[in-house]
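So the structure is just underneath, and the comments pick up after that.
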There are 2 protein chains.
Amino acid sequence: MTVTIYDVAREAKVSMATVSRVLNGNPNVKPETRKKVKDVIERLNYRPNAVARGLASKKTTTVGVIIPDISNLYYSALARGLDDIAEMYNYQTIITNTENDPEKERDSFLSLVSKQVDGVVFLGGALNEETLSDIKDSHVPVVICGTSEKDKNLPSVNIDYFEAIKEATTKFLDTGANRIAFLKASYSDQLENHIEEGIKSAYRDAGKSADDSLILTAGSDYQSGKDVFEEISTHKADVVITMSDETAIGVLHSAMDHDLGIPEDIQVLSCSNTRLVNMVRPPLSSIALPLYDIGAVGMRLLTKYMNEETVDEANVILPYKIEYRATTK
Amino acid sequence: MTVTIYDVAREAKVSMATVSRVLNGNPNVKPETRKKVKDVIERLNYRPNAVARGLASKKTTTVGVIIPDISNLYYSALARGLDDIAEMYNYQTIITNTENDPEKERDSFLSLVSKQVDGVVFLGGALNEETLSDIKDSHVPVVICGTSEKDKNLPSVNIDYFEAIKEATTKFLDTGANRIAFLKASYSDQLENHIEEGIKSAYRDAGKSADDSLILTAGSDYQSGKDVFEEISTHKADVVITMSDETAIGVLHSAMDHDLGIPEDIQVLSCSNTRLVNMVRPPLSSIALPLYDIGAVGMRLLTKYMNEETVDEANVILPYKIEYRATTK
DNA sequence: ATGAAAGCGCTAACAG
DNA sequence: CTGTTAGCGCTTTCAT
């Protein structure tokens with residue numbers, strides 16, 4: 001029925017080993033033999049069975065990518081960076097979506113491991129203890145991008161959220177803002193704590209103190225941004241910092257609906273900088289993460305672990321930029 | 001090193017066959033034996049090797065999903081529908097991104113087949129002849145969602161684009177519009193031809209004739225929409241129909257920048273209805289495809305093929321709705 | 001209800 | 001440079 005390496009060997013009058021060699025680019029094959037085999041492969045339209053190959057070689061040239069929400073532009077931007085580098089190193093990626101569910105995240109990981117992927121990268125997500133422990137005893141190389149876990153035991157790629165937020169906050173404070181709200185989205189406690197600390201540190205340096213009641217929680221979609229506006233308004237915030245662009249846009253629209261001037265009455269800044277920022281009016285100010293690069297560097301890092309190369313820095317910090325567009329003064 | 005089914009068998013003092021049986025829920029195992037085996041599995045933290053399993057059983061309980069552009073909300077909405085149903089039927093999905101490249105599309109398909117997936121679904125995309133022929137001789141069940149190929153040889157899930165566009169066009173014509181531009185995005189010739197025909201048919205029914213010069217081409221991103229505006233303007237279009245929401249938003253913003261009134265001077269309608277439509281001001285009118293459902297029905301259809309159930313209709317047409325929001329009169 | 005044994009399609013020593 | 005031969009870890013008859 002399906003043509004196997006054995007069929008090719010028979011037709012080409014060589015052994016399976018030889019066919020295997022030409023398949024894998026092993027140089028120890030006489031050019032004419034190689035040609036003969038290649039011809040047969042073409043003629044029979046033979047395609048190696050990756051499953052059998054994986055079982056025999058214990059390598060699948062496949063890496064798993066675990067994404068919290070595939071329909072979030074933040075993650076898909078990261079994924080593109082990953083994909084490009086993976087392709088460059090001849091790895092295929094298989095993406096699985098966890099819908100922000102830590103249980104699914106764990107299941108996905110286990111499922112990838114049972115599929116014998118050569119490595120796994122987590123994008124965002126909030127790895128729980130079980131997952132962390134599964135990772136440890138799976139012995140599969142793992143890299144996490146755009147988030148981090150507290151012990152920094154896992155290789156990761158990030159920007160310095162603390163500094164980024166501190167810089168932005170300082171600027172807000174300097175230009176007269178005084179009530180800076182931060183909308184947590186429960187991405188990763190670790191990461192959001194860094195951000196909180198950044199804000200507080202900026203207040204401290206300015207000789208002021210941050211108002212904890214301005215730390216609010218909201219989902220990461222547009223509607224959540226709209227919904228949380230009332231609360232923002234109650235707290236008389238003059239600046240709103242959000243994790244996701246969508247949330248920021250929701251806030252923005254609600255503010256405009258309430259006849260607030262942007263950025264005079266209220267300023268908005270997000271921490272994502274996805275394509276969305278330029279697709280809304282007014283264009284959204286944002287901390288520009290190098291999303292593509294985070295993904296790309298993450299995958300590169302993973303290839304090093306998969307090839308057992310030595311890595312000098314497991315926790316990579318990439319530079320950020322703050323793009324002040326029309327939603328900030 | 002890694003624990004195998006053999007280790008479990010030894011520890012539980014049964015044969016591997018029995019372990020395999022409990023793994024696969026085979027009823028022919030004495031309850032106490034089953035318990036004994038399960039305990040050992042737990043104790044050793046044994047996880048079956050999916051690759052070995054796939055090789056032996058010739059089934060991988062995995063379906064491949066081929067997406068033209070993972071960062072396009074249109075496709076990710078489809079993907080969620082797919083994913084949910086796949087999970088329901090205990091299939092895992094592995095998503096691969098082709099970046100709108102027909103070559104990559106083909107490679108992805110071949111790669112999935114070599115990985116022995118049980119089925120493949122294509123989202124959008126423009127399957128070329130080679131890919132079509134690969135599909136045919138792969139003997140792997142395939143379903144295509146949100147696009148179609150001319151011979152309708154492949155199972156598919158769609159809406160009736162012809163009717164949808166015709167209905168919209170008729171309404172535009174009835175309410176005084178006269179120069180309806182359509183921006184092709186070279187998704188699928190087949191599909192875009194349906195749309196063209198729908199427009200022409202509406203014109204015909206209204207006793208008018210469509211102006212072919214109003215059929216333009218643009219990319220499917222925001223910037224493409226902005227870029228094509230000049231051309232639209234030259235052709236004095238009073239309605240612009242786009243495939244993607246992003247393109248529509250680009251057109252919208254350009255129009256507003258040129259002080260055109262929306263919808264008085266120019267109306268805009270897209271054919272996607274992703275989350276974006278409500279995230280812009282004014283909210284974008286759109287032909288509302290049941291994106292989630294298209295994905296869900298597509299996966300359900302695929303499960304039927306994979307289980308060799310009989311299907312009564314291979315080319316499913318789902319209902320659409322036209323959401324007239326603020327960018328149309 | 002359980003075990004023995006033969007593969008699944010390929011890679012990887014090892015020999016020659 | 002090429003062939004032989006063991007497996008890889010699991011499923012699946014076929015016996016018992």
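Quick note on labels: first sequence line is chain A, next is B, and so on, each numbered from 1. Just so we're clear, the structure is a prediction, and the values are computed from it rather than from any experiment.
For R47(B) against dG9(D), no side-chain N or O and base N or O form a donor-acceptor pair under 3.5 Å.
In this model, the phosphate group of dT11(C) is approached by a side-chain N or O of S20(A) to a distance below 4.0 Å at OP1 or OP2. Taking side-chain N and O atoms only, K58(B) has no distance below 4.0 Å to OP1 or OP2 of dG7(C).
Side-chain atoms of D101(A) and T98(A) include no donor-acceptor pair closer than 3.5 Å.
Residues L318(B) and P290(B) share a closest heavy-atom pair of CB-CG, 4.0 Å.
Closest to the side chain of M16(B), from the set dG9(C), dC10(D), dT13(D), is dC10(D). Among the nucleotides dC10(D), dT2(C), dT12(D), the one closest to the side chain of A17(B) is dT12(D). Closest to the side chain of N24(B), from the set dT2(C), dT11(D), dC10(C), is dT11(D). Candidate nucleotides dC10(D), dA13(C), dC14(D) were compared by shortest atom distance to the side chain of I5(B), and dC10(D) ranks first. The side chain of N28(B) lies closest to dT2(C), out of dT2(C), dC1(D), dC10(C). You'll find that the side chain of L55(A) is closest to dG9(D), out of dT11(C), dG9(D), dA4(C). Each of dG3(D), dC10(D), dT12(D) was ranked by its minimum atom distance to the side chain of T4(B); first place goes to dC10(D). Across dT2(D), dG9(C), dA1(C), the shortest atom-to-atom separation from the side chain of A56(A) is found for dG9(C).
Within 4.0 Å of N49(B), counting heavy atoms only, lie sugar-phosphate atoms of the nucleic acid but no base atom. Among the heavy atoms of the strands lying under 4.0 Å from V14(A) are primed sugar atoms or P, OP1, OP2 only; no base atom is included.
A 4.5 Å side-chain heavy-atom check between M306(B) and V63(B) finds at least one atom pair inside the cut-off.
Between the CG atom of N26(A) and the P atom of dG3(D) there is a distance of 13 Å, given to the nearest Å.
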